[in-house]
Amino acid sequence: QVQLVESGGGLVQPGGSLRLSCAASGFTLDYYAIGWFRQAPGKEREGVSCISSSDGSTYYADSVKGRFTISRDNAKNTVYLQLNSLKPEDTAVYYCAADPTGGIATMSGAWEYLEVWGQGTLVTVSS
C-alpha cells in the first residue's frame, strides 16, 4: 500500500521543539520532493517547507524561516521537519505530501499535482 505516515506531533510549550517524521511505505521517496503543510483550525492549508529530491535544496515559508528545518534520509525513506522556537500560532495539523515536480507544485500552490498525502499529525503549542 502506497502511503505517507506523519508522526511526532504533540503538546509543547511556547519556545519548545518537536521533530516531525514523514515515513513512506509502498514506494521510495528518492525521486520525490517532499512538502510539509499545515492547517490551523478555521484556516486554509498553507505550505510550510519543501525539500527537493535531487540536490536537497530546501524552501521555507517566511513564517517559519529560521525556526524550522527540513531534512531527508533516503536510506530510511523518511523526511523530517524539526520545529524549534515554537509559537502558539504554529498550532495546526501538519501534513506531508510527495511532489513529483521537484518541488515546483509545492512552492507554487499547484497542490493538485501532489501525490500521496499523509493523514496528518497534530501540533499544539500552548502553556
Side-chain angles (χ1 to χ4, degrees):
Q1 183 179 2
V2 173
Q3 62 179 353
L4 291 172
V5 178
E6 302 95 335
S7 62
L11 174 64
V12 63
Q13 292 186 342
S17 297
L18 287 172
R19 189 176 80 156
L20 307 183
S21 298
C22 171
S25 61
F27 72 108
T28 178
L29 291 180
D30 290 20
Y31 305 109
Y32 288 90
I34 299 298
W36 279 98
F37 307 81
R38 67 185 182 185
Q39 188 165 19
K43 295 188 177 180
E44 294 186 352
R45 189 171 297 189
E46 64 171 331
V48 173
S49 183
C50 182
I51 186 165
S52 73
S53 57
S54 54
D55 60 1
S57 298
T58 57
Y59 159 83
Y60 298 96
D62 288 342
S63 58
V64 306
K65 200 171 294 182
R67 300 188 298 121
F68 291 7
T69 303
I70 191 171
S71 62
R72 65 191 300 155
D73 185 340
N74 286 348
K76 294 184 177 180
N77 221 21
T78 300
V79 171
Y80 303 98
L81 186 67
Q82 179 69 40
L83 286 58
N84 295 331
S85 302
L86 282 162
K87 305 175 182 180
E89 52 263 43
D90 294 317
T91 295
V93 178
Y94 285 71
Y95 303 87
C96 61
D99 183 339
T101 71
I104 295 174
T106 297
M107 295 167 61
S108 67
W111 298 344
E112 64 271 22
Y113 295 102
L114 301 180
E115 302 175 6
V116 195
W117 286 84
Q119 84 291 344
T121 186
L122 176 63
V123 172
T124 303
V125 184
S126 175
S127 55

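The chain is numbered in sequence order, starting from 1.
- Within 6.0 Å of the CD atom in E112, the count of heavy atoms belonging to other residues, nucleotides or ligands exceeds 12.
- Nearest heavy-atom pair across V79 and R72 is CG2-CB, 3.8 Å.
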Donor-acceptor contacts under 3.5 Å from residues 120-127 side chains, at least two apart:
from: T121; atom 1: OG1; to: G9; atom 2: N; distance (Å): 3.1

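- Between L114 and P100 the shortest heavy-atom distance is CA-CD, 4.4 Å.
- Among all heavy-atom pairs drawn from S17 and S85, the shortest one is OG-N, 4.3 Å.
- Y80 is not connected to I34 by any chain of hydrophobic side-chain contacts under 4.5 Å among Ile, Leu, Val, Met, Phe, Trp and Tyr, and they are in different clusters.
- Across A61 and G47, no two heavy atoms sit closer than the pair CB-O, 3.6 Å.
- Separation of atoms OG (S21) and CD (Q82) is listed at 10.0 Å; rounding is to 0.5 Å.
- Take F37 and apply the ring pair (Phe, Tyr, Trp, His ring centres under 6.0 Å) test, not counting sequence neighbours, and it matches W111, W117.
- Of all the heavy atoms in G103 and C50, the pair that sits closest is CA-SG, 3.7 Å.
- Judged by distance alone, the side chain of N77 and the main-chain N or O of L29 form a donor-acceptor pair under 3.5 Å.
- Counting all heavy atoms, side chain and backbone alike, S49 lies closest to T106 at O-CG2, 4.3 Å.
- Side-chain atoms of F68 and W36, non-hydrogen and from C-beta on, never get closer than 4.5 Å to each other.
- The only member of E6, E44, E46 that meets salt bridge (Lys or Arg N to Asp or Glu O under 4.0 Å) when paired with R38 is E46.
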side-chain contact (heavy atoms from CB on, under 4.5 Å) for F27 and E115? Distances and angles first, verdict last. CA-CA 11 Å; F27 72 108; E115 302 175 6; over 6 Å; no
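- The same ILVMFWY cluster, assembled from side-chain heavy atoms under 4.5 Å apart, contains both L83 and Y60.
- Taken together through direct or relayed side-chain contacts under 4.5 Å among Ile, Leu, Val, Met, Phe, Trp and Tyr, V64 and L81 form part of one hydrophobic cluster.
- Using a 4.0 Å cut-off between a side-chain N of Lys or Arg and a carboxylate O of Asp or Glu, D90 and K87 do not qualify as a salt bridge.
- Annotation: side-chain hydrogen bond (donor to acceptor under 3.5 Å, both in side chains) contacts of T101 (sequence neighbours excluded): D99.
- With hydrophobic clusters built from ILVMFWY side chains whose heavy atoms lie under 4.5 angstrom apart, V5 does not share a cluster with I70.
- Between the side chain of S52 and the main chain of S57, a donor-acceptor pair closer than 3.5 Å is present.
- Rounded to the nearest 0.5 Å, atoms CG (L20) and OG1 (T78) are 12.5 Å apart.
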